[in-house]
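Sequence lines set the chain letters: A, B, ... in the order given, protein chains first and strands last, and positions in each chain run from 1. FYI, side chains are in, hydrogens and waters are out, and symmetry mates aren't considered; it's all heavy atoms of this structure. Everything numeric in this text was worked out from a predicted model, so none of it was measured.
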2 protein chains.
Amino acid sequence: MARPRADDYDDKRKAILKTSAALFAEHGFDRASMNQIAQGCGVSKALLYHYYANKDALLFDIIRDHLDELNAAVEEASAPAAPGEARLEACVGALLDAYRDANAEHKIQINEMKRLPPEQQEELKERERQLVKVFAAALADAVPALGGGSELLKPVTMSLFGMVNWHYMWFREGGPVSREDYARIATRLILDGARSLAG
Amino acid sequence: MARPRADDYDDKRKAILKTSAALFAEHGFDRASMNQIAQGCGVSKALLYHYYANKDALLFDIIRDHLDELNAAVEEASAPAAPGEARLEACVGALLDAYRDANAEHKIQINEMKRLPPEQQEELKERERQLVKVFAAALADAVPALGGGSELLKPVTMSLFGMVNWHYMWFREGGPVSREDYARIATRLILDGARSLAG
DNA sequence: CCTACCGATCGGTAGG
DNA sequence: CCTACCGATCGGTAGG
């Protein structure tokens, strides 16, 4: 009879994911060695290879889990039938909030995804596209002039992602501007600016 | 007597810088080997080490040259005593234009700077701060409410950098939106949004 | 300006 | 035939 999966299998997997994400973010994917990661997790390297077939699989799982969490958070915020403007701000706020304890994962998504083989990258990029889609829809809803095939929708949507995905370069927890503040600021910049552009 | 520097010393140095930047951007700093770079430049590895003491020095020089070019372009655009709004758009346009043939260098600045030792990073970050300073000043000039110690100046300035520094993720040469178009769009988003926020 | 190497360390896998 | 875990070490390649 097959040996059943250990009760804490998933907890251990999550712990490995969190620790390795921190090490990848700090030293980069190539420089964080499997030995370091095993040590950081308090397990043997052989056990690490029991959970993940190779280093790439570890990187893939970190980014996939992260993107799934972002998508879940944003889709939840996008669900209520709120007016366009409030819905966009809720989405931006949900995204920034999902980034709160995921700085390492965010940096890895931005900087290390290209280390993966093309098919794996494609699977992750599909999840990124899903995220972009929700924001583009919320934007087109809040500023009707951006819908209907306007050339402005893409650059404006990407401008919003630029702001939000760049926040980790300057934003500091406990500073004068909170995450909620910045969600409001970014939403205002985009909405008022887009209305002016479209008008 | 010391051997004089070859007439084409600087041309060769620039060529090495451009080729290695392309390889670092494509494969990442760690994976692009000095052997690959030497081959790509059509020189021996020993000659490469004649120009640069080590791999770090090469990385440092790529980013320093790049940042110096950005600063020069933006300071030139910032010089004319144009009205605040036009000056900001000129600065954004100059920055986006300086990025035109520097996609590799831009990616390296964003992704690989942390590979350098702290003092070298500091020297480069000082150049980044100089760039930020010019934009913050142009913004405060164009939207007076952002000046005078407003808490909004930093997040709004960083929002602008987010938009512009993120452009390489989606912008394609020859697409429906030109660099000039996007300079206008980003400037409008920031200016109209900031006025609405400050008001 | 070249090639032959070095000390160190990598990701990954062996038997049990 | 599966999964859980160890100590030891593999072949290759990096920067210099």
Interatomic distance, [X] [atom1] vs [N] [atom2] [rounded to whole Å]:
{"X": "B/Tyr52", "N": "D/dG15", "atom1": "OH", "atom2": "P", "result": "17 Å"}
{"X": "B/Leu48", "N": "D/dG15", "atom1": "CG", "atom2": "C1'", "result": "11 Å"}
{"X": "B/His50", "N": "C/dC2", "atom1": "NE2", "atom2": "P", "result": "12 Å"}
{"X": "A/Ile16", "N": "D/dC5", "atom1": "CD1", "atom2": "P", "result": "10 Å"}
{"X": "B/Asp30", "N": "D/dT13", "atom1": "CG", "atom2": "P", "result": "17 Å"}
{"X": "B/Met34", "N": "C/dA4", "atom1": "CE", "atom2": "P", "result": "20 Å"}

All N/O pairs under 3.5 Å across the protein-nucleotides 8-12 of chain D interface:
none

Of the listed nucleotides [options], the one nearest the side chain of [X]:
{"X": "B/Ser44", "options": "C/dC1, D/dG15, D/dC6", "result": "C/dC1"}
{"X": "A/Leu47", "options": "D/dG16, C/dT13, D/dC5", "result": "D/dC5"}
{"X": "A/Lys12", "options": "D/dG15, D/dC5, C/dT13", "result": "D/dC5"}

Next on the checklist: Centre-to-centre under 6.0 Å for A/Phe161 and A/Phe135, is that the case here?
Outcome noted: yes

Checklist entry - Between A/Trp166 and A/Phe171, does the ring centroid distance fall short of 6.0 Å? => result no

Checklist entry - For DNA chain C, whose closest nucleotide is more 5', that of A/Arg31 or that of A/Ala53? => result A/Arg31

Checklist outcome for this item: Sorted by chain and residue number, the salt bridge (Lys or Arg N to Asp or Glu O under 4.0 Å) partners of A/Arg179 (sequence neighbours excluded) come out as A/Glu173

Next on the checklist: Categorize B/Ala32 for me: base, sugar-phosphate, or nothing, with a 4.0 angstrom heavy-atom threshold over every strand shown.
Outcome noted: sugar-phosphate

Checklist entry - Any salt bridge between A/Lys125 and A/Glu122, counting N to O under 4.0 Å? => result no

Checklist entry - Is the shortest heavy-atom distance from the side chain of B/Leu146 to the side chain of B/Glu151 under 4.5 Å? => result no

Checklist outcome for this item: For B/Ser20 and B/Ile37, the nearest pair of non-hydrogen atoms, with its separation, is CB-CG2, 3.8 Å

Checklist entry - Side chains of B/Asn165 and B/Tyr99: do they bring a donor and an acceptor to under 3.5 Å? => result yes

